[in-house]
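For clarity, every value in this text was computed on a predicted model and none was experimentally measured. We count ligands from 1, going down the list as the structure has it; atoms in each ligand are counted the same way. For reference, positions follow the sequence shown, starting with 1.
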Amino acid sequence: MKDHDGGDAAPLPLVPIRSAEGAWLEDFEGRRYLDAVGSWWTNIFGHRHPYIVEQLKQQLDTLDHVMLAGFTHAPVVELSERLVKLAPPGLSRCTYADNGSSAVEVALKMSFHYWRNTGKPGKTRFIALENGYHGETLGALAVGGPSMYRDTYAPLLLSPIHVPSPDCYERGPGESWEDYTRRQFQHMELALERHAHEVCAVIVEPLVQCAGGMRMYHPIYLSLLREACDRHGVHLIADEIAVGFGRTGTMFACELAPPLQYGTGAKRGITPDFLCLSKGLTAGTLPLAVTLTRETIFEAFYDDYAAGKAFLHSHSYTGNPIGCRAALATLDLFEREQPLASNRLLSNLMWTQTAELRAHPHVAEVRQQGMILAIELAKNVHRKTPYPAAERRGLRAYRHALGATKDRGVLLRPLGNVLYFMPPYVIAPREIEWLAQVTLEAVRAATAD
Ligand SMILES: *Cc1c(COP(=O)(O)O)cnc(C)c1O
């Protein structure tokens, strides 16, 4: 069976987990595993954070669930108000779903439907980046880059226009991240020039293509893309399902986009037309997702019933109160504990602790954006020749790290030849030191022959 992140766990016995606390998982024999990938990028404040647990218990004592059609409830109202305040300026409306893929479906459908309602029914396609990932439902899968997740289902999928990625691992020798990113943007500009008349929206993962191997690019891409989408009359969908909630150093990755004209007093940051959030939204406790959009887009759906313009999309558990409560507790913790500030120390430490890894003869690159650090293994690091997938180097590193010591292991879960750290923000400095040490040993073991 192939999983979400492309690993196949088939030849390995499953690890049954009995309990979890903070950055650690524990199995039935009392062995502990450091959750270095935040349980697939969802966990940001550690497992069973006492404050979130307490808030959930209170919510369960009050209201479990009610449908969000014709009815509403306090947690969803409060959460929407707080998300709107936190999100890039101009995003004022929230649509809820219960997983990231569905949040992407909402953005795709709403963008298409907006153009249809405003007299442009010929806009039916999307532009997406190669190597991108947006989820596994058919619409979300279609806008993902050509990949092993997607290719099997190709006959069932929409046909988006795929544009080469700004992924800076592919930059030329001596070329800066910014120069390469700008160079790659030309493909996007060309695609927009050719196809804007038939395109609803461009969808991207801001700054880090996570499932695509934690490949990263310079934030100038977002600034250029925002300007070009406006000029061509195309929406911009920012899929921050993985990178939102502080992963890249700011609350949302879109905040890092630099102004296009320096020295004009313009501020950093762009506002997408749709912002998709999930994973960290509930700090890894419950499934919940939200798509934020602009007032002008919302208004295109708001009309007399007879006009037939309404956005028809619902899920049974839309805006589930317990999920919303988990998200509210998460936002409380962002205010109370200021993790964006303390994460700077942790991300610096992740960098300094991986110095030996950077010098390893089979490490082609260590790259980092905030609380995401990725280690790219290669057969030949000078030519960036990857190890053949069949050699399963990442898997070897994974196994080695799981069995690090008699009673403790590290959960690394590589993406092919890429190992990465995406830990909960409560990871302790000495745990980062140990994680880096175990990873170095795992890399040595995985590249020994
Ligand atoms: C995980 C992910 C999704 C899909 O979210 P699910 O909750 O797994 O459906 C979509 N986009 C990005 C960028 C993701 O990392």
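- No option in F334, Y51, F245 other than F334 meets the ring pair (Phe, Tyr, Trp, His ring centres under 6.0 Å) test with F45.
- Note that K120 lies outside the cation-pi zone of W115, set by a 6.0 Å cut-off to the ring centre and a 45° limit from the axis.
- Atoms of ligand 1 lying under 4.0 Å from any heavy atom of G135, numbered from 1 in the order shown and given with element: 4 (C), 10 (C).
- Interface atoms of ligand 1 facing A242, defined by a heavy-atom separation under 4.0 Å, are 15 (O).
- Listed by atom number, the atoms of ligand 1 under 4.0 Å from Y133 heavy atoms are 2 (C), 3 (C), 11 (N), 12 (C), 13 (C), 14 (C).
- The closest approach between any non-hydrogen atom of K279 and ligand 1 is below 4.0 Å.
- With a heavy-atom cut-off of 4.0 Å, I241 touches ligand 1 through its side chain alone.
- By the criterion of a heavy-atom distance under 4.0 Å, the side chain of W41, and not its backbone, is placed next to ligand 1.
- Salt bridge absent: K85 and E81 never bring a charged side-chain N and a carboxylate O closer than 4.0 Å.
- Residue contacts with ligand 1 for S101 involve both N, CA, C or O and side-chain atoms from C-beta outward (heavy atoms, distance under 4.0 Å).
- Here is the list of ligand 1 atoms found below 4.0 Å of a heavy atom in H134: 10 (C), 11 (N).
- Applying the side chain to side chain contact (heavy atoms under 4.5 Å, CB included) test to R31 and every residue at least two apart in sequence or in another chain returns D27, Y33.
- A 4.5 Å side-chain heavy-atom check between I203 and I127 finds every atom pair outside the cut-off.
- The closest side-chain heavy-atom distance from I44 to R247 is below 4.5 Å.
- Scanning for ring pair (Phe, Tyr, Trp, His ring centres under 6.0 Å) contacts around F421 gives an empty result, with sequence neighbours left out.
- The contact set between ligand 1 and D239, taken as ligand atoms under 4.0 Å from a residue heavy atom, comprises 10 (C), 11 (N), 12 (C), 13 (C).
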